[in-house]
Number of protein chains: 2
Amino acid sequence: MENLRIGNKQLIKDINRALVIKWIRNHGPISRTDISKETKLGLSTVTNIVEDLINNKLVFEVGEADSSGGRRPVLLEFNYEFGYTIGIKIEENHIILALTNLKAKILNKVILSCNKGEKSENVILLIVEGINKLIEKSNIPKDRVLGIGIAVSGLINGQKGIVIRSSLLGWSNVQLRERIESEFNVPVYIDNDVNAYTLAELWLGYGREHDNFICLSVGAGIGAGIVIDKKLYIGQFGGAGEFGHSIIQVNGYQCHCGQRGCLEMYASEKFLEKEGNLLLTQFEASILKNSDFTFETVHKAALGRDSLALELFKRLGEYLGIGLINMINSLNPETIIIAGEGMIAKDYFLPYAKEMADQNFFSKANYQTNYYVSELGEDAWVAGAALLAINQLFPIPIYNDSLLTSLQITSLGNEG
Amino acid sequence: MENLRIGNKQLIKDINRALVIKWIRNHGPISRTDISKETKLGLSTVTNIVEDLINNKLVFEVGEADSSGGRRPVLLEFNYEFGYTIGIKIEENHIILALTNLKAKILNKVILSCNKGEKSENVILLIVEGINKLIEKSNIPKDRVLGIGIAVSGLINGQKGIVIRSSLLGWSNVQLRERIESEFNVPVYIDNDVNAYTLAELWLGYGREHDNFICLSVGAGIGAGIVIDKKLYIGQFGGAGEFGHSIIQVNGYQCHCGQRGCLEMYASEKFLEKEGNLLLTQFEASILKNSDFTFETVHKAALGRDSLALELFKRLGEYLGIGLINMINSLNPETIIIAGEGMIAKDYFLPYAKEMADQNFFSKANYQTNYYVSELGEDAWVAGAALLAINQLFPIPIYNDSLLTSLQITSLGNEG
DNA sequence: AACTTACTTTATTCAATGAAGCAAGTATCA
DNA sequence: TGATACTTGCTTCATTGAATAAAGTAAGTT
C-alpha cells in the first residue's frame, strides 16, 4: 500500500530539496533566481538549499551567464560525477556492462561472452567478474558506485529481485538481486529489458517532454513498457506490458508460452520464421529459399524487392497494427514509441501497421494516438539498466517506502 | 503534468488534515489517541486538527468507548451528513438520480423515463428537472449539495466534461458538465458508467481492502475500469479500459465501432444475438426459436436446460476467457472483478471463462490472478456516480491541480 | 548617478511536537 | 468503603525548525 508521509518539517525539507535537485538535474545550468521563479520557492529558501547541496558536492557553480542589466546570474549544475552506476544487460550469448555517470551517460563498457543457455550461477559469476573488471578499468573507487541495474528479458519480479522466467535464457526463479547485492553491498535493481529501454526513453528520449506513453519493442519477441504520469507501471509482480502474449487470433499459432494466437507469434521475428516457411511453396523464386528468417535476412531480401520478404513484412505489419489497436483501446496512451531490432526493416512494415492501427476505436471520435520511432541507439538498453538504479537515487520523497536507498543522499544535509 | 506542491506550512497542514479526515472516514468511530498512534502524528497535533474539524462540523464526537484502565476514549466519527451529493445514471430509456450522503449511501431516489434515442438537449432538461425534484423531495437546502456525478455509457472525457461518443444514447460531443454546472453552480463530474461502478467497488466493495484491480462489466457491452494504487486510471482523455474493443479475432464479427473481431462482439449480449441467430438452424428444438437473445431470455432457457442456450453461454464464456487473458497479460492485475447484467447467468459461462483465463502467460510461472464476482447491487451504479463527486471532495492534497474544488472544505479551518 | 538583476542576511511566522499537566477511569489494599 | 497508586486519554504550552518576506549587499547596465 502506498504510504504517504505525514506532514512535518522534515517532509517540507525533503520535498523542497528534491525539487531543487530535480530542477538542476533537468534544467541546469540554471541560476538560483530562475529556480526560485520556476518552483515558486522563496529565493532565500533556494539559497539555503543550494548551499547545502554545494557543501555535499551534489551541485556545482559552473560560471556566470550574461547580465541583462544587473548582476550576473551564477549558474548551477548537477554534479553528475557525484557517483556512478552500472547498467547491465544479459543477452543470450553475451553480457554487456556499462559504467555510467548519474545522467546515465556511458563512460566505459565491458562485453563478456557466454555460452547460449549457460546456467544462471555461471552467468552470475561472470557478471561479478565483469563488474570488477569495469570498476578497475574505469579507475574509480568502488564506493563511488551508488547502484547497479540489470536488464533481463523475460518475466521479472523487480520488487523481489527475481527472474521469474526467461525463456530466452532458460532461467526460472533466479534470485539475481540478492546474489549481486551480497557481492558488492550496493543496491541492485533488476527489471525486464523492455522496461529498462522504456526508462531510457523516459529520461533520455521522448519522455523528457511527455508523461504518458507505451514503449513497444519489436524484435525476437514483443514487449512493452507502460509509462503513466512519468512512472513506469509494473503491475502486480512486475509483469505488466506482456502485450506480446495478448491473444489476437483465437486458435492461432501455438506460442512457446503455452497459449495460442499470441501477438508475439504474429508480429515478431518468430512470425517471419513461421509464416516464411509456410509461404515458401508459394514463393519458389524467393532468395530466402535456403536462408533462415530473421529481421536481418528478410530485410536484406526486401531491399532486393524479394516478393516473399515484402509479403512477410506486409502481413507482420498488419498483425502488429492489430496489436497496436489493442494497446490503444485498452490503455488509451498518448503515444506509442516503437523500438527494437526489428526496426531496421521499419519501412517495410510500419506503414501497414499504422494504417491498421489508425482504425482504432478512438479514431472514430477523432482522437488520434501518436506513433514515434525510437531514436535511441543500441546503448539505450544498458543506459536504461543504469537508470533502474539512478531512478531510485532521487525519488519524490512523499512516500515512506522510497526512503530506504535514497536516504544516503537526501539526508546528507542533516549531518553537516 | 502532475504538479507536486512545494513544501511549506500550508502543505503540512493540508496533508495532516486530510490524513486525519481519511482515518476518521475509513476507520471511525475512532479516538484521538488511536489516530495519533496509527498516523504517527503527535497527539497534540491530532487534538488541534480534530478541534478544527469539529468546529467546522466535519466531525462529531459520538460518545465514549470502554476504558481499559484509564480515562475513556472519546470516539470521533465523520459527519457524513455534512453535505450531500447527487449521483446520476443515464440509461437508454430512463434516468436514475439518487441523493447520497458523503458515504455514498443512497438517501432518496428519483427515476425518470425518457424516450430511447432522445436528443441530448432534452435529456439535459430532464436531468435538471430530476435534480430539482430530488432536492425538493429530500427536503434539504440546495446549497448542501456539494457535487453531482453523472455516469454515462460510452467514451467520456471527464477532464473536459464531455460525452465524446455514446453509441447507446446516440450522442456525440455533448458538453454535459458545462450545462449542468451552469444550472446548479456546483461542481459536476462525468465519467463512463463502468468507471463509476469501479469507483463503487473501490470505496464500498472489494477495493476497501485492495489497491489494484480491474473491474469488468459484462452486459449489453463490455467495459472495464482500471484501478492502480487506489486510483482510477483514465488514460489520455478518459478512454482507458475500452477492453471491449480489443480485437480477439482477426477478421472477426463486424463491430458497431467499425473494427472487426472486438471482444464486445464475442462476450457481451451482442454475441448472444449474433451467434444465437446463426446457430438456430443447428438447434431446431430450442425454445429460443422465436425469442430475442438477451441475457435474460437466454438465461431462462438455460435454466430449462435448453441446449442452444447452454452452447451460447459456453462459447461466450470461452471468448470472455480470452478477453480476460489479454487483460491479465497486458496489465497483470492482482484481481479482476466481474460485474454487469450478464452476471445473472454467471453459472453458465463463468466456469468456462475462468478455465480459459487460467491458461494465461503468468499462470505458467505459478502467479495466479484472482477473480471476484461483484457483490454490489444495482444501486452501485448511481452510488458510483455520486462517488465521482465525493472522491474530489477529499483528495490527497499533494498536487496543485486537486485544490480547485476541495478548497471549500479543506481550508475552512483558515477562516475560524 | 540611477537603475537592474542576483544573491544573502535577518527577523518573523506558524504547524508540528515533546513535555508537563489535567481528566477520568481502574486496580490494589488497608 | 475509601484512600492511594496506576493507566489511559486528552489539553496546554514552550520550543523547534523550515519557509519566507523584507531589508541589505554585490555587481552588473544605462
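Throughout, a chain's letter reflects where its sequence line sits, starting with A, and its residues are numbered from 1. Worth saying up front: this structure is predicted, and the values here are computed from it rather than measured. Just the heavy atoms: all of them, side chains too, but no hydrogens, waters or symmetry mates, feed the values below.
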Taking the minimum atom-to-atom distance to the side chain of A:L43, which one of C:dA16, C:dC7, D:dT8 wins? C:dC7
Is A:V46 touching bases, backbone alone, or none of the nucleic acid, heavy atoms closer than 4.0 Å? nothing
A:W203 and A:N391 side chains, donor-acceptor separation under 3.5 Å: yes
Which of C:dA16, D:dA26, D:dA18 is nearest the side chain of A:R71? It is D:dA26
Position toward the 5' end of DNA chain C (nearest nucleotide), B:K9 or B:G69: B:K9
Under-4.0 Å side-chain N/O to phosphate OP1/OP2 contact, B:K37 with D:dG9: yes
Is the backbone N or O of A:Y206 less than 3.5 Å from a side-chain atom of A:E201, with the two atoms forming a donor-acceptor pair by type? yes
Quick check on DNA chain D: between B:R72 and A:G70, whose nearest nucleotide comes earlier from the 5' end? B:R72
Would you mind telling me which of C:dC7, D:dG9, D:dT11 lies closest to the side-chain atoms of A:R32? C:dC7
Send over the distance from B:I30 CD1 to D:dC10 C1', rounded to a whole Å. 15 Å
Hey, is CG on A:D143 packed in by over 12 heavy atoms from elsewhere, all under 6.0 Å? yes
Among the candidates D:dA18, C:dA23, D:dC13, find the nucleotide nearest to the side-chain atoms of B:S44. D:dC13
Separation of C:dA16 P from A:D14 CG (nearest whole Å): 17 Å
Interatomic distance where NZ belongs to B:K13 and P belongs to C:dA16 [whole Å]: 8 Å
Taking OP1 and OP2 of C:dA16, is either one under 4.0 Å from a side-chain nitrogen or oxygen of B:N16? yes
Considering only side-chain heavy atoms of A:T45, which listed nucleotide, D:dA18, D:dT20, C:dT17, is closest? D:dT20
Remember a base hit wins even if backbone is also touched, and classify B:T33 as base, sugar-phosphate or nothing at under 4.0 Å, heavy atoms. sugar-phosphate
If you round to the nearest 0.5 Å, how far is CG of B:L204 from CG of B:L387? 5.0 Å
For B:E61 and D:dG9, give me the distance from atom CD to atom P, rounded to whole Å. 15 Å
Assess whether a salt bridge exists between A:E81 and A:K105, defined as any Lys/Arg side-chain N lying under 4.0 Å from an Asp/Glu carboxylate O. no
Can you tell me which nucleotide in C:dC7, D:dC10, D:dT29 comes closest to the side chain of A:S67? D:dT29
Using whole Å, report how far CG of B:L75 lies from C1' of D:dT8. 14 Å
The nucleotide from C:dC7, D:dA18, D:dT20 with an atom nearest the side chain of A:S31 is C:dC7
Report the nucleotide, chosen from C:dT17, D:dA19, C:dT26, that has the shortest atom-to-atom distance to any side-chain atom of A:N8. C:dT17
A:L41 has a side chain; which of C:dC7, D:dT20, C:dA16 sits nearest to it? D:dT20
Would you indicate whether B:E178, at its atom CD, is surrounded by more than 12 heavy atoms from other residues, nucleotides or ligands within a distance under 6.0 Å? no
Rounded to the nearest Å, what distance is computed from the CG atom of residue A:D52 to the P atom of nucleotide D:dG17? 15 Å
Could you check whether B:K40 gets within reach of a base, just the sugar-phosphate, or nothing at all, counting any heavy atom under 4.0 Å? nothing
On the nucleotide D:dC10, are OP1 or OP2 found under 4.0 Å from the side-chain N or O atoms that B:T47 carries? no
Using a 4.0 Å heavy-atom cut-off, does B:G42 contact any base of the nucleic acid, only the sugar-phosphate backbone, or nothing at all? sugar-phosphate
